[in-house]
Amino acid sequence: MRLVYMGSPAEVIAPLQQLLSEAKGHGHEVVAVVSQPAKPAGRKMVLTDPPLAAFAKEQGITCLQPLKASDPVFLDELRALKPDVIITAAYGQILTNAFLSIPSRATINIHPSMLPKYRGATPVPAALLDGLTETGVSILFTVKALDAGNIILQKSFAIDPRETAHDLTARMFHVSGPLLLEALDQLKNLSFSGNPQNEADVTFCKKIAKTDGAIDWTKSAAVLSNEFRAFQPWPGVYTERQSVRIVLEDISLAESEKSLAPGEFYFDKKQKALLVGTADGHIAVGRLKSAGSKSMDAAGFWNGLKAQGHQNFEVKIKAPA
């Protein structure tokens with residue numbers, strides 16, 4: 001089958017690599033990649049391709065980068081490729097009926113959740129925010145309704161307790177490569193239509209805002225740990241001390257002999273971390289970065305406080321409003 005692969009972030013390169021290495025053995029050919037347009041990046045605002053587009057060009061694969069997937073010129077280019085199957089993976093645009101009518105067999109999607117749970121754009125952070133210990137990958141038929149198509153294949157696996165959204169997303173797309181090849185083999189049977197999702201079990205992801213990263217120390221340590229993992233790499237988690245924003249780059253659950261009020265902290269030499277009180281339990285901060293300063297470990301931050309004359313172990317950290 002003639003395949004077109006669509007996506008943008010670095011994580012979705014892994015399934016394409018699997019396709020490229022094994023496509024011929026399964027009777028497939030990747031005829032093009034579709035990704036977002038190049039955007040200015042860095043201090044010099046240099047036009048930079050999304051990671052998937054850059055990879056496709058390095059491999060010599062035809063790469064289309066329309067501003068909108070509904071653009072008539074792009075749709076004509078796509079029709080000219082005569083795809084049997086279009087595969088989407090974190091592409092980032094809504095697809096029209098005109099688009100969905102182009103492939104002769106189907107458009108399918110790699111979605112990093114066990115659908116019908118977590119439909120939407122942020123399934124991995126949503127699973128971590130909910131404290132799940134297990135998640136999975138779904139490969140499904142793409143329809144006009146959001147993530148509502150019939151399921152082709154699914155695979156579940158455990159979530160590591162320290163895994164961040166960045167790490168988990170990368171692992172989920174990595175394991176989706178072999179699953180994608182299985183799904184494409186299923187599609188060779190033209191009567192195969194997949195399994196309908198149970199609408200009674202549908203949940204949706206919420207949109208994540210930059211302000212979601214503001215720590216509220218009156219939440220429990222378990223909830224704050226989940227937020228830290230869910231918000232990596234964006235928006236990160238942060239707090240304030242004396243009106244200075246502090247980004248927390250490494251946190252974990254911890255135990256403390258002290259009874260700390262929410263936001264009170266001290267440096268624990270044994271754990272080499274700042275231990276911070278919450279509504280229930282303690283958080284260990286191993287690394288952090290104050291606005292205008294370099295990233296530093298907890299000991300360096302604590303020594304800086306002492307150099308400024310702050311000797312009290314119960315210095316307050318205030319969560320931004």
Side-chain angles (χ1 to χ4, degrees), residues 2-20 30-81 83 85-103 106-113 118-126 137-140 142-147 149 165-166 168-170 172-174 176-177 180 205 207-210 231-235:
R2 292 172 63 83
L3 310 177
V4 171
Y5 189 86
M6 300 178 65
S8 292
E11 291 85 354
V12 304
I13 293 173
L16 177 58
Q17 288 177 311
Q18 183 94 29
L19 279 181
L20 294 173
V30 178
V31 296
V33 162
V34 179
S35 192
Q36 300 287 357
K39 294 181 180 179
R43 292 183 178 179
K44 296 184 178 181
M45 301 298 285
V46 177
L47 275 179
T48 304
D49 279 324
L52 181 67
F55 173 80
K57 292 175 182 180
E58 289 171 0
Q59 301 300 311
I61 304 170
T62 298
C63 184
L64 306 178
Q65 295 174 264
L67 186 62
K68 292 185 178 181
S70 59
D71 180 78
V73 174
F74 163 67
L75 294 178
D76 285 342
E77 291 177 319
L78 198 58
R79 290 187 189 96
L81 292 169
V85 177
I86 297 177
I87 302 153
T88 65
Y91 175 59
Q93 290 192 36
I94 294 174
L95 305 177
T96 63
N97 287 327
F99 177 100
L100 296 175
S101 68
I102 290 175
T107 297
I108 63 175
N109 175 243
I110 305 172
H111 187 80
S113 85
Y118 304 119
R119 290 182 182 177
T122 59
V124 177
V137 173
S138 301
I139 298 183
L140 66 152
T142 300
V143 296
K144 196 70 173 68
L146 180 66
D147 298 327
H166 175 270
L168 182 56
T169 300
M172 293 175 81
F173 278 110
H174 182 77
S176 70
L180 177 59
C205 309
K207 185 177 180 179
I208 296 173
K210 187 173 183 178
F231 297 152
Q232 302 300 321
W234 190 88

**Student:** With heavy-atom distances below 4.5 Å as the criterion, would you say the side chains of D49 and S35 are in contact?
**Tutor:**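 D49 vs S35: side chains apart.
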**Student:** Would the number of heavy atoms belonging to other residues, nucleotides or ligands and lying under 6.0 Å from CG of L146 be above 12?
**Tutor:**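 Enclosed.
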**Student:** If the condition is side-chain hydrogen bond (donor to acceptor under 3.5 Å, both in side chains), which residues does D147 pass it with, not counting sequence neighbours?
**Tutor:** none
**Student:** Minimum heavy-atom separation for P83 and L78, please, with both atom names.
**Tutor:**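 That would be CD-O, 3.4 Å.
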**Student:** Taking all atoms of both residues into account, what is the closest heavy-atom pair of Y118 and A126, and its distance?
**Tutor:** CD2-CB, 3.6 Å
**Student:** So does T169 get a backbone contact from the side chain of E11, meaning a donor-acceptor N/O pair under 3.5 Å?
**Tutor:** no
**Student:** Measure across L100 and T142 and return the closest heavy-atom pair with its distance rounded to 0.1 Å.
**Tutor:**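 Closest heavy-atom pair between L100 and T142: CD2-CG2, 3.8 Å.
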**Student:** Please step through side chain to side chain contact (heavy atoms under 4.5 Å, CB included) for the pair I110 and I87, ending with a clear verdict.
**Tutor:** CA-CA 8 Å; I110 305 172; I87 302 153; 4.2 Å; yes
**Student:** Determine the minimum heavy-atom distance between K144 and T96, stating which atoms define it.
**Tutor:**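 In this case the closest contact between K144 and T96 is CE-CA, 4.1 Å.
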**Student:** Please name all residues satisfying salt bridge (charged side-chain N to carboxylate O under 4.0 Å, His left out) with K210, sequence neighbours left out, ordered by chain then number.
**Tutor:**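 Salt bridge (charged side-chain N to carboxylate O under 4.0 Å, His left out) list for K210, sorted by chain: empty.
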**Student:** Could you please spell out the steps behind the side chain to side chain contact (heavy atoms under 4.5 Å, CB included) verdict for L52 and Y5?
**Tutor:** CA-CA 10 Å; L52 181 67; Y5 189 86; 3.9 Å; yes
**Student:** Do you know which two heavy atoms are closest between A69 and L95, and how far apart they sit?
**Tutor:** CB-CD2, 4.0 Å
**Student:** Quick one: does H111's side chain get under 4.5 Å of L140's, heavy atoms only?
**Tutor:**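 Yes, at least one pair of side-chain atoms sits under 4.5 Å.
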